[in-house]
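Naming: A, B, ... by sequence-line order, numbering from 1 per chain.
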There are 2 protein chains.
Amino acid sequence: MKKVTINSVASYAGVSKKTVSRVLNNEPNVSDATREKVLKVFKELDYTPNPIARGLAQNRSFIIGCLYDNPSKSYITRVQTGALAACHEHNYNLLIHPCELRGEELISNIEQLLQTSRLDGIVLTPPFSDFAELVTFLKSKKIPYARVASAVLEDDSISVRSNDEQGAFEITEHLIKLGHKEIAFIKGHPDHSATEQRFKGYRRALATNGIEFNERLVEEGNFSYHSGVDSARTILDLSPRPTAVFASNDYMAAAVLKLATQMQLKVPDDISIAGFDNAPIARHIWPGLTTIAQPVEEMTHQAVTQLISHISEPQESPYQVTLEAKLITRESTAAIK
Amino acid sequence: MKKVTINSVASYAGVSKKTVSRVLNNEPNVSDATREKVLKVFKELDYTPNPIARGLAQNRSFIIGCLYDNPSKSYITRVQTGALAACHEHNYNLLIHPCELRGEELISNIEQLLQTSRLDGIVLTPPFSDFAELVTFLKSKKIPYARVASAVLEDDSISVRSNDEQGAFEITEHLIKLGHKEIAFIKGHPDHSATEQRFKGYRRALATNGIEFNERLVEEGNFSYHSGVDSARTILDLSPRPTAVFASNDYMAAAVLKLATQMQLKVPDDISIAGFDNAPIARHIWPGLTTIAQPVEEMTHQAVTQLISHISEPQESPYQVTLEAKLITRESTAAIK
DNA sequence: CGACATTATGACACCGGTGTCAGCTTTGAA
DNA sequence: TTCAAAGCTGACACCGGTGTCATAATGTCG
């Protein structure tokens, strides 16, 4: 089986390379007759253009980088799924780049990534979506980027988010409507903008419903299961014990559930527990967690799609969208007795 | 900031492109003086070779594809971690390719992937590691590949696995030593070779310890949480109820635990439960699952490393290694009363 | 010291596409 | 009918590296 290049197609079809290239790229100024002739040869010879040669000529790689640092494997996978789908739709490839760095090191790490992999664009997922230094750096290097789930809306960048504040508001209000007034809250990682957003939603729900905010019911977590265990220990030892706990994500909520169970507390009879994210664990444990589902794949898909179209033809108006998060009620929350 | 190409380096250093290229690739036949001179210019100009141009010239992409289809996000992430690390060490990139297809469609899907992305090699993870048609196809196309966690050992391919059969044997024997004789077993997905291996280990442990194998205690699962729920329902309704359940992975084990808890059974007092894989959920639930930990990252890392070195210089003897799996005991298993 | 092997270097084509531009053909308006 | 504008096509250089081969410089041995 011989290699089929643009040259073989050209000579086989009796036209020049350039004309073949025109057909490939759907350029105008090719007669219908010629176009069809070439397209037929494509099929006959089973020709696929070489993206590497193309990349060299156009100084592009057709690769989008995806930057993340998230303890939740399911979140990562969902991000990848959405990003991959968008990439495939436009014949791009996705390069994943998990990354634990911060500050200076982060920048130089990304710089190296850009140097060696020649990315055409980069998708930032939390917590990188809101890292000002990184965004500034990318802007200065003129690397197209898109931000997923960022809280800060700049005027000139692609950004697709979901409404964390509103989601937190709704789930807190759900607890309040069940009669809970003593609702503990576990914060997420301080680097994530979602942490602040979810906290705001919690406080707004309390305020809206005339419940006084109590500092003592708030614990600092970092989204990890482990941090949830620590926070849970403090919260469950409070006296009087709060009747509900809203953890900023499902892993921490699962930790609360585990500890409560170990302490012989019945969930939701003795205490209600709510999470956030609708991670798989939320339905893998008993009782299932009431939580907030976000359209992660959809967000990432939109972000990457916009990023790619921005790369091909820079737009003026940045694409900025906020998608809805949805309350999912399961067995871990119930009316107070 | 201007682009630094091999031409700028060459003229700046006062040598030809080719000489620069020689230095880049550590080729012989360059005098020490010249080499150092060029290396210095590399630093001064902060030069990084363009992998795309390189790829075009050498007909390579420096991209390894990673094929998987696995319900466990944590497994996928671990595979990616190991593969990425190995790729970075050798200046390769990793292209992930989740893939739900089988048979004909799978082959044509992979064919397209190879066409459009020009992969230099491909890592197969379960269940693809043991798909004969796929392996045959890759061999016929002369695409280098490596197999992770495959059960079948061919003579001529790179393969890194862990000992599933032995792991299953050990965990079953662990239950037996705790006094269990009625040990139910939930099988995995029939497409995965691990399914058969784990089942074998289970039976060998029974046989070794003089316990008669009982067909009625075996349920067919498919590694998904959901399938675990179905199998658990059947098993927990048996009478007499088995005193222990060994599920082929942790998700199914978690499902058994959930159902048992819903049925007011105490784990491990009323029934012991064991899993396999040491997925995060194994320690996120209460009681924590006794399970088998495999060095997934290590396996993938070795597989990719070997694959890359095979690409650069094909070896005669295939690299075939079996790593050890390790028993991890948690609270979900206990001595029978 | 001369013949020959070895090492060091560069000229140039090539990988497989795209960009530029010139030249020919067709179209359409005056 | 005429001529400018628009449509179509191909020649050729170029993207940034590597492979081949010729040639110059250096080393080796009888």
Side-chain angles (χ1 to χ4, degrees), chain A residues 2-39 41-42 45-63 91-92 114-118 120 311-313, chain B residues 2-39 41-42 45-63 91-92 114-118 120 311-313:
Chain A
K2 283 187 53 187
K3 253 190 307 188
V4 181
T5 72
I6 198 169
N7 290 296
S8 26
V9 173
S11 66
Y12 195 90
V15 298
S16 73
K17 280 166 70 158
K18 182 63 210 186
T19 299
V20 177
S21 167
R22 287 196 180 94
V23 174
L24 262 181
N25 295 285
N26 272 313
E27 285 176 32
N29 298 341
V30 179
S31 72
D32 288 352
T34 309
R35 190 180 298 274
E36 279 186 32
K37 188 168 57 181
V38 173
L39 286 173
V41 176
F42 282 175
L45 265 47
D46 194 21
Y47 169 71
T48 322
N50 184 329
I52 298 181
R54 218 180 226 209
L56 179 59
Q58 301 191 132
N59 195 25
R60 309 218 256 154
S61 62
F62 296 97
I63 296 178
N91 291 313
Y92 269 70
L114 293 171
Q115 281 270 324
T116 57
S117 300
R118 314 272 159 159
D120 287 346
I311 290 167
S312 333
E313 37 194 296
Chain B
K2 282 188 54 187
K3 254 188 308 188
V4 181
T5 72
I6 197 170
N7 289 296
S8 25
V9 174
S11 67
Y12 196 89
V15 298
S16 73
K17 285 166 64 156
K18 182 62 211 187
T19 300
V20 177
S21 167
R22 286 196 181 92
V23 175
L24 262 182
N25 296 284
N26 271 313
E27 285 176 33
N29 298 341
V30 179
S31 72
D32 289 352
T34 310
R35 192 180 296 275
E36 279 186 34
K37 187 169 58 181
V38 173
L39 286 173
V41 177
F42 282 175
L45 266 46
D46 194 21
Y47 168 72
T48 322
N50 183 329
I52 298 181
R54 218 178 224 208
L56 180 60
Q58 301 191 133
N59 195 26
R60 309 218 257 153
S61 62
F62 296 96
I63 295 179
N91 291 314
Y92 270 70
L114 294 171
Q115 282 270 324
T116 56
S117 300
R118 314 273 159 158
D120 287 346
I311 289 167
S312 333
E313 37 193 296

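The overall bend of the helix from C:dC1-D:dG30 to C:dA30-D:dT1, read as the angle between its terminal helix axes built from five base pairs each, is 30° when rounded to 10 degrees.
Each of B:Ser31 and B:Arg118 has a nearest nucleotide on DNA chain C; the 5'-most of these lies closest to B:Ser31.
Using a 4.0 Å heavy-atom cutoff across all strands shown, B:Asn59 reaches no nucleic acid atom at all. Nucleic acid contact for B:Val20: none, since no nucleic acid atom lies under 4.0 Å from a heavy atom of the residue. At a threshold of 4.0 angstrom between heavy atoms, the contacts of B:Pro51 with the nucleic acid are absent.
Among residue pairs with one or both ends in residues 48-58 of chain A, those qualifying as side-chain hydrogen bond (donor to acceptor under 3.5 Å, both in side chains) are A:Thr48-B:Gln115; sequence neighbours excluded.
Residues passing the side chain to side chain donor-acceptor pair (under 3.5 Å) test with B:Arg60 are B:Tyr92, sequence neighbours excluded. Remark: B:Ser117 pairs with A:Asn93, B:Leu95, B:Leu113, B:Leu119 by the side-chain contact (heavy atoms from CB on, under 4.5 Å) rule, at least two apart or across chains. By the ring-ring contact (aromatic ring centres under 6.0 Å, His included) test, B:Tyr12 pairs with no residue at all, sequence neighbours left out. Residues forming a side chain to side chain donor-acceptor pair (under 3.5 Å) with A:Ser16 (at least two apart in sequence, or on another chain): A:Thr19. Under the side-chain contact (heavy atoms from CB on, under 4.5 Å) criterion, A:Ser8 pairs with A:Val4, A:Thr5, sequence neighbours left out.
Between the CD1 atom in B:Ile6 and the OG atom in B:Ser11 there is a gap of 11.0 Å [rounded to 0.5 Å]. We find the CZ-CD1 distance between A:Arg118 and A:Ile63 to be 11.5 Å, quoted to the nearest 0.5 Å. The CG atom of B:Asp120 sits 9.0 Å away from the OG atom of B:Ser312 when rounded to the nearest 0.5 Å.
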Quick test: give all pairs of protein nitrogen or oxygen and nucleotides 23-25 of chain D nitrogen or oxygen below 3.5 Å, distance rounded to 0.1 Å.
none

I'd like a table of atom pairs between the protein and nucleotides 19-27 of chain C - only N or O on both sides, under 3.5 Å - with the distance next to each one.
unit_1 : atom_1 : unit_2  : atom_2 : d
C:dG19 : N7     : A:Lys18 : NZ     : 2.9

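You'll find that the side chain of B:Leu24 is closest to D:dT18, out of C:dG17, C:dG10, D:dT18. Checking D:dT9, C:dG16, C:dG17 against every side-chain atom of A:Leu56, the shortest atom distance belongs to C:dG16. Set against D:dT18, C:dG17, C:dG10, the side chain of A:Thr5 has C:dG17 as its closest nucleotide.
Across the protein-nucleic acid pair, B:Arg54 atom CZ and D:dC15 atom C1' stand 16 Å apart, rounded to whole Å. The nearest whole Å value for the distance from the CG atom in A:Asn29 to the C1' atom in D:dC8 is 6 Å. A straight line from CZ of B:Arg60 to C1' of D:dT18 spans 11 Å, rounded to a whole angstrom. Distance, A:Asp32 CG to D:dC8 P: 8 Å, rounded to whole Å. Going from atom CD1 of B:Ile6 over to atom C1' of C:dG10 covers 13 Å, rounded to whole Å.
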Indicate every side-chain donor-acceptor pair of residues 30-39 of chain B with a distance under 3.5 Å to a residue at least two apart or in another chain.
unit_1  : atom_1 : unit_2  : atom_2 : d
B:Ser31 : OG     : B:Thr34 : N      : 3.2
B:Ser31 : OG     : B:Thr34 : OG1    : 2.7
B:Arg35 : NH2    : B:Glu27 : O      : 2.8

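Listed pair B:Tyr47 / D:dG17 meets the phosphate criterion, a side-chain N or O lying under 4.0 Å from OP1 or OP2. Between C:dT18 and A:Asn25, a contact under 4.0 Å exists linking OP1 or OP2 to a side-chain N or O.
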